[in-house]
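Below you'll find the structure, written out as structure tokens, and then a few comments.
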Amino acid sequence: MKDLDPIVDFLFETGMLAKTPRSGFFFLGSGEQSVAEHVNRMCYVGFVLASMEKGVDVGKVVQMCLLHDITETRISDLNYVHQKYTERFEQKALDELVAPLPFGSDIKNIMDEYQARETVEAKLAKDADNLELLLSLKEQVDIGNERAKTWIPSLMGRLKTEAGKRLAEKIIEVDSDRWWFGDKEHDWWTNRNKK
């Protein structure tokens, strides 16, 4: 069963994403998020974006979302300020991470396509990455972090797909807790339909 050793190691390694903080929140001054939390919601955003488009491989978009930060188990999350002063060695980390895996070439191919940003799937996945940050920023704006507002314009400029741009405009327009109360009156929240 030694052939399962690298697979089990990989599964333990992916657990590090839950322990790796997204470092940009330190500069924002509020909020916190692990890389795994970011990846989780990004997968949902990617699924939504891919479903909004015709002729898109939804599964490939979700795979790109799932794997896009996999190297952060080894190189950590480096925000934009860190990236100005640090060399990431992301390709080296990816090559070494996938080398022992029997499905390593599948991960490498997905990541190469994602990094090239040439296919519609890769563009949608990158927009999902940015939209997940936009959702996080909007949550911070809605609880009073004025600094989060200043991050939004440059983020909006990174969006490449029409679906991503449309979704971003709606995200900005809607209160982040609207889903909680829904469209109904607040009566249910007062008595929960109890007489």
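Positions are given from 1, in the same order as the sequence printed here.
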Separation of Asn40 CG from Cys65 SG (nearest 0.5 Å): 11.0 Å

Taking every non-hydrogen atom, the tightest pair across Glu13 and Leu97: OE2-CD1, 3.4 Å

Side chain proximity check, Lys160 to Lys126, heavy atoms < 4.5 angstrom: no

Between CD1 on residue Ile70 and CE on residue Met111, distance to nearest 0.5 Å: 8.5 Å

Contact summary for Asn79 and Ser23, nearest pair of heavy atoms: ND2-OG, 2.8 Å

Connected via hydrophobic side-chain network under 4.5 Å: Ile75 and Leu17: no

same_hphob_cluster(Met52, Met64) at 4.5 Å side-chain heavy-atom cutoff: no

Residues that Glu37 engages under salt bridge (charged side-chain N to carboxylate O under 4.0 Å, His left out), provided they are two or more places apart: none

Polar contact flag, side-chain donor to acceptor under 3.5 angstrom, His38-Asp129: yes

For the student: nearest non-hydrogen atoms of Phe27 and His82, plus distance: CE1-NE2, 4.1 Å

4.5 Å side-chain heavy-atom contact, Leu167 and Leu159: no

Flag side-chain contact, heavy atom, 4.5 Å: Asp95 against Gln91: yes

Any side-chain donor near an acceptor of the partner, Glu113 and Asn109, under 3.5 Å: no

Polar contact flag, side-chain donor to acceptor under 3.5 angstrom, Gln33-Glu139: no

Over all atoms of both residues, closest heavy-atom pair of Gly31 and Phe25: O-CB, 3.5 Å

Taking every non-hydrogen atom, the tightest pair across Trp151 and Gly24: CH2-O, 3.1 Å

Side chain to side chain, Pro21 and Ser34, heavy atoms closer than 4.5 Å: no

Within one Ile-Leu-Val-Met-Phe-Trp-Tyr cluster: Leu78 and Met42, side-chain cutoff 4.5 Å: no

Other residues, nucleotides, ligands: >12 heavy atoms within 6.0 Å of Phe47 CZ: no

Same apolar cluster (I L V M F W Y, side chains within < 4.5 Å links), Val62/Val35: no

Enclosure of Glu118 CD (heavy-atom neighbours >12, cutoff 6.0 Å): no

4.5 Å side-chain heavy-atom contact, Phe12 and Thr73: no

Partner set under side-chain contact (heavy atoms from CB on, under 4.5 Å) for Leu135, not counting sequence neighbours: Arg41, Val45, Ile171

Heavy-atom closest pair, residues Ile7 and Asp3: CD1-O, 4.2 Å

Trp180 backbone acceptor or donor facing Asp177 side chain under 3.5 Å: no

Hphob cluster co-occupancy, Phe89 + Tyr85, side-chain heavy atoms under 4.5 angstrom: no

Charged N-O contact under 4.0 Å between Asp127 and Lys165: no

Check: Glu72 main-chain N/O paired with Asp69 side-chain donor or acceptor under 3.5 Å: no

Leu134 side chain reached by Leu131 side chain, heavy atoms, under 4.5 Å: yes

Donor-acceptor pair, side chain of Thr150 and main chain of Arg147, under 3.5 angstrom: yes

Donor on one side chain, acceptor on other, Gln140 and Ser136, under 3.5 Å: no

Sub-4.5 Å side-chain heavy-atom contact between Met16 and Lys19: yes

Electrostatic pair Glu96:Lys92 at N-O distance under 4.0 angstrom: yes

Side-chain (Glu121) to main-chain (Asp57) donor-acceptor, under 3.5 angstrom: yes

With Asp9 via salt bridge (charged side-chain N to carboxylate O under 4.0 Å, His left out) - residues at least two apart: none

Atom pair CG (Leu66) and CD1 (Ile107), whose distance is rounded to the nearest 0.5 Å: 9.0 Å

Flag if over 12 foreign heavy atoms under 6.0 Å of CD, Glu32: no

